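Below is one structure, written out as structure tokens, with a few remarks after it.
Here the structure is a predicted model, which means the values were calculated and not measured.
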Amino acid sequence: MTSLTATTPEADYDTLANRFRPIFARIAEGASAREQDHQLPFAEIKELTASGFGALRVPVSDGGFGATLPQLFRLLTELAAADSNIPQALRGHFAFVEDRLVSTGPQRALWLERFVKGEIAGNSWTEVGTVKIGDVLTKVSPDHKSTTGGFRINGTKYYSTGSIFADWIDTFAQRTDNEVKVIAVVNAHQPGVAHSDDWDGFGQRTTGSGTSTFTDAAVEAGNVIDFDTRFKYQTAFYQAVLLAVLAGSIKAAEREIATEVRNRTRIFSHGNADSFAADPQILQVVGQVSARAYAAEATLERAARALQGA
């Protein structure tokens, strides 16, 4: 991946975005068919990660693009306008990138290098059943056979958005030796990890939000991270990604409505103009959608700037 040379970050947004806009356009072409056929966007996410999209927030000095949070969320909005499922699927990845970016541990450089290489993380936090507040059923235990102080993880997670596409899984768990809540970053490419695309509840259909099962899966010692060190603005970050998805969805609706109005040639005898596109009642509806799209993007921009200073 070739990095951009940063000058004034905000001034470079179009330069950054133009790198990915042709990919966004290709993603948009097949979005409707994928949604209708329940086809997961493996190829689309692979193309994005190969282009360096997953390393947007990695500093230029570390091989990334050094994007600010406002720039990241603007790009996610553009991506959502192409296919709203994909930024949702990458939500856990960008949260984990943010956590590693603000960390000060010895593995920070290793993770940034992985992101630059195109490796991405999934999300695996939610459990179901009789889980009391504060309880965690997924357990991480010392692997007494390991010569490097490694661990083994066992448990089942649901609604694990993006994990089916991921190389690493950001997993909320509890250690059995000291009962400390941790993040276990599990290598997804091992026999002890299984994913099912079985989510049938609310929300989008091709985000890979299914079940992740861990059966004695190995976890390196350095990948068991004390949960208390998690980046403090994570909840706001997660919600900002969802706002980007909404803003992009409204932007796509605005674009499609405008296209339909512009291309319609039939008019009504009781209409208010000689063409459908000039009818003030029709234009009022288009304007209302456009206003909502603008408001959503403006709200996201304000939230992103607040997070940038967090």
Side-chain angles (χ1 to χ4, degrees), residues 40 42 45-46 49 54 89-97 99-100 103 105-108 110-115 117-201 207-231 234 238:
L40 297 182
F42 284 102
I45 289 178
K46 185 175 181 180
T49 56
L90 295 175
R91 180 179 178 224
H93 169 73
F94 283 110
F96 185 65
V97 171
D99 183 67
R100 296 296 83 202
S103 68
Q107 287 202 322
R108 180 181 183 275
L110 174 61
W111 280 109
L112 297 186
E113 181 182 356
R114 286 169 174 166
F115 302 145
K117 288 180 178 178
E119 297 181 21
I120 60 173
N123 178 278
S124 179
W125 283 39
T126 305
E127 298 175 338
V128 299
T130 55
V131 185
K132 298 179 181 179
I133 295 177
D135 284 353
V136 187
L137 302 181
T138 301
K139 304 297 182 182
V140 175
S141 305
D143 183 357
H144 298 295
K145 295 181 180 179
S146 172
T147 59
T148 57
F151 293 80
R152 294 283 172 174
I153 184 169
N154 288 276
T156 302
K157 297 289 189 176
Y158 302 87
Y159 198 41
S160 50
T161 301
S163 289
I164 201 167
F165 308 108
D167 302 291
W168 302 91
I169 307 175
D170 177 356
T171 309
F172 184 49
Q174 184 178 39
R175 288 177 58 159
T176 59
D177 55 340
N178 58 14
E179 298 186 350
V180 170
K181 306 291 176 54
V182 297
I183 293 299
V185 192
V186 186
N187 189 325
H189 306 300
Q190 58 174 303
V193 178
H195 304 289
S196 300
D197 179 32
D198 57 358
W199 178 254
D200 60 358
T207 60
S209 300
T211 303
S212 294
T213 304
F214 305 101
T215 306
D216 280 331
V219 187
E220 297 176 14
N223 288 350
V224 177
I225 305 165
D226 190 335
F227 180 73
D228 286 342
T229 66
R230 188 76 171 183
F231 74 112
Q234 66 168 339
Y238 281 127

Identify the heavy atoms of [X] and [Y] that sit nearest to each other, and give their distance.
| X | Y | result |
| --- | --- | --- |
| S124 | S212 | OG-CB, 4.2 Å |
| A221 | G149 | CB-O, 3.2 Å |
| I164 | F42 | O-CE2, 3.6 Å |
| R175 | V224 | CD-CG1, 4.1 Å |
| S103 | R108 | O-CD, 3.1 Å |
| V140 | A173 | CG2-CB, 3.6 Å |

Can any side-chain N or O of [X] pair as donor or acceptor with the backbone N or O of [Y] at less than 3.5 Å?
| X | Y | value |
| --- | --- | --- |
| S160 | G210 | yes |
| E119 | D167 | no |
| H93 | A121 | yes |

Side chains of [X] and [Y]: is there a donor and an acceptor less than 3.5 Å apart?
| X | Y | result |
| --- | --- | --- |
| K139 | Q174 | yes |
| T211 | S196 | no |
| E220 | T148 | no |

[X] [atom1] to [Y] [atom2] distance, which is reported to the nearest 0.5 Å:
| X | Y | atom1 | atom2 | value |
| --- | --- | --- | --- | --- |
| Y238 | N123 | OH | CG | 5.0 Å |
| T138 | N154 | OG1 | CG | 9.0 Å |
| F115 | R100 | CZ | CZ | 8.0 Å |
| I120 | L90 | CD1 | CG | 5.5 Å |
| T49 | F165 | OG1 | CZ | 11.5 Å |
| K157 | F172 | NZ | CZ | 7.0 Å |

side-chain contact (heavy atoms from CB on, under 4.5 Å) test vs I153 passes for just one of V186, T215, V193, I169, namely V186
Within a reach of under 6.0 Å around CG of N178, are more than 12 heavy atoms found that belong to other residues, nucleotides or ligands? yes
Just do the salt bridge (charged side-chain N to carboxylate O under 4.0 Å, His left out) check on D143 and R152 with the steps written out, would you? CA-CA 6 Å; D143 183 357; R152 294 283 172 174; 3.0 Å; yes
I'd like to know whether the aromatic ring centres of W125 and F96 sit less than 6.0 Å apart in this structure. no
Go through the structure and list residues passing side chain to side chain contact (heavy atoms under 4.5 Å, CB included) with Q107, not counting sequence neighbours. L110, W111, N223
Do Y158 and D198 pass the side chain to side chain contact (heavy atoms under 4.5 Å, CB included) test, and can you show the C-alpha distance, the side-chain angles, and the key distance before you say yes or no? CA-CA 9 Å; Y158 302 87; D198 57 358; 5.8 Å; no
